[in-house]
There are 4 protein chains.
Amino acid sequence: MLISADPSDDQPIYQQIVDQLRQLVAAGTLQPGDPLPSVRQLAADLGVNLNTVAIAYRELAGEGLVKIKHGRGARVTAAREQRFDEEQVRKLLVPILSKMILAGKTDREIVGLLREELHNIRGDKT
Amino acid sequence: MLISADPSDDQPIYQQIVDQLRQLVAAGTLQPGDPLPSVRQLAADLGVNLNTVAIAYRELAGEGLVKIKHGRGARVTAAREQRFDEEQVRKLLVPILSKMILAGKTDREIVGLLREELHNIRGDKT
Amino acid sequence: MLISADPSDDQPIYQQIVDQLRQLVAAGTLQPGDPLPSVRQLAADLGVNLNTVAIAYRELAGEGLVKIKHGRGARVTAAREQRFDEEQVRKLLVPILSKMILAGKTDREIVGLLREELHNIRGDKT
Amino acid sequence: MLISADPSDDQPIYQQIVDQLRQLVAAGTLQPGDPLPSVRQLAADLGVNLNTVAIAYRELAGEGLVKIKHGRGARVTAAREQRFDEEQVRKLLVPILSKMILAGKTDREIVGLLREELHNIRGDKT
DNA sequence: GTGGTCTAGACCACG
DNA sequence: GTGGTCTAGACCACC
């Protein structure tokens, strides 16, 4: 099982699924053309409702990261570069960095932690 | 006015207040022992509901970043008393990094962007 | 009532809602800044489920045509030009034009019908 | 081969077949009385399920565009027998036009695009 | 009050 | 089998 869902998390379940699938694609664990688990299958595995998974898949389809074919499942899209809003990313980053600074982390430590996470994500790449 | 509230932002207003206050403390603009504006005062200045500000203060108190004294306002706590959940920070980081990777950013670019934001936050230091 | 929903239509209800709201914005009947009916209100008016309307609103938010604010309803976004996929539009157009040609319509008649519809949509504009 | 089926298209395959056959008749490439390829033949050529083609043929028969004779294949009908639901065509047109208007297209541009597509369809005429 | 999320369970469309 | 849509009804988050 590559995906998990935690109902007690702050993030809604469908968003957790989106984030994890995006991570798997970023990592290369899921390659373009690879099939995603069926909506029903994943819902059963995670113990959540079918609709919750369907919403996650629809979101990913809207981003262009996966392509859904009626009656034949969903697959990772041929790698197009995703758009992303740099301004928004910076805004998301600020509170996280603030927290780390308040925890007494040095710049060196913060950059180190970031590199670790980058490596964790990219590590699986084929 | 060091704080602003933008109702058209994606973040809820109380969260915006929390983030900005945290950033001010991280930057050193607000020092341990400094008083926060009163809930009424800040609510009036921002033109938001009094409850909204109160929730923000309670959140910061929960983090240990400020200490609320009944009837005597809130003050920034000593740095020692703050908690830091590294696991949570990493979890917040992963979706952001995944998006940047999918957008084709190199590690170098990502680290560069992070350093810029670190500098922005720390730059304000008195 | 400016919006209607027909469960017997080929289009799913949420799509009908999306299309009609888009049309109202294109017509200028709904101006930037105007509030949309609340999810619950519109659902009650149309006699459909709350979720069905919520899906429609989420879709419009994703397109950037409306902005949803938690706890404070949805409003038409300040007019940014929408992106659109010309290739896709052409592909949608072909079957429609084929049908009209098969019905014996001349080019003149087809263009006339198109101009009529354009006028119908744009007519309400302030 | 005048027809193709693209499983990665948004349209369902049976619909692609319907649209293409209709276009061929509109263009005059298929004339009244001409036989359609057999269901088995077309399914084999396109590499799709036999049922999928059968559904497409049934749809065209329902429109009155072709006539299916048991055991003797399908033929394009005389032009007279075709129905045309103008109201439906207008309803299909509105969402497309709305999108183009919101994309900032002028009436001139929209009519121009339509004329191009009309010409593309009619150009094939024998 | 508002919108957001989730569930359980139903029925339909596609191949 | 697959995904798509819808319902009824619940509970939560924001202001």
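In what follows, every chain begins at residue 1, and chains take the letters A, B, ... in the order their sequences are listed. Heavy-atom basis, side chains included; hydrogens, waters and symmetry copies ignored.
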| In what stems does DNA chain E take part, counting only runs of at least 3 consecutive Watson-Crick or G-U pairs whose two distances fall under 3.5 Å? | E:1-14 with F:1-14
| Sidechain N-carboxylate O distance under 4.0 Å for D:E86, D:R90 | yes
| When the distance from CD of A:Q15 to C1' of F:dA13 is rounded to whole Å, what number comes out? | 16 Å
| request: Tell me whether the guanidinium CZ or amine NZ of C:R22 lies under 6.0 angstrom from the six-membered ring centre of C:F84 and within 45° of its axis. | output: no
| Whole-Å distance between F:dC15 C1' and B:R58 CZ? | 13 Å
| request: Mark yes when over 12 heavy atoms from residues, nucleotides or ligands other than A:K69 sit less than 6.0 Å from its NZ; otherwise mark no. | output: yes
| query | Under 3.5 Å, is there a donor-acceptor pair linking the side chains of A:D45 and A:Q41? | reply | yes
| field | A:I121 backbone acceptor or donor facing A:Q23 side chain under 3.5 Å | value | no
| field | Interatomic distance where CZ belongs to C:R40 and C1' belongs to F:dC14 [whole Å] | value | 13 Å
| query | Earliest and latest nucleotide of DNA chain E, 5' to 3', sitting under 4.0 Å from a non-hydrogen atom of chain D? | reply | E:dC14 to E:dG15
| Salt-bridge criterion met for D:K91 and C:D9 (N-O under 4.0 Å) | yes
| field | Interatomic distance where CD1 belongs to C:I68 and P belongs to F:dC15 [whole Å] | value | 15 Å
| field | Whether D:S98 side chain and D:V94 backbone form a donor-acceptor pair below 3.5 Å | value | yes
| So what does C:N49 hit on the nucleic acid, given a heavy-atom distance under 4.0 Å: a base, only sugar-phosphate, or nothing? | base
| request: Using a 4.0 Å heavy-atom cut-off across all strands, classify D:I55 as base, sugar-phosphate, or nothing. | output: nothing
| message | Need one value for A:Y57: base, sugar-phosphate or nothing, where a base atom within 4.0 Å counts as base even if backbone is also close, heavy atoms only. | response | nothing
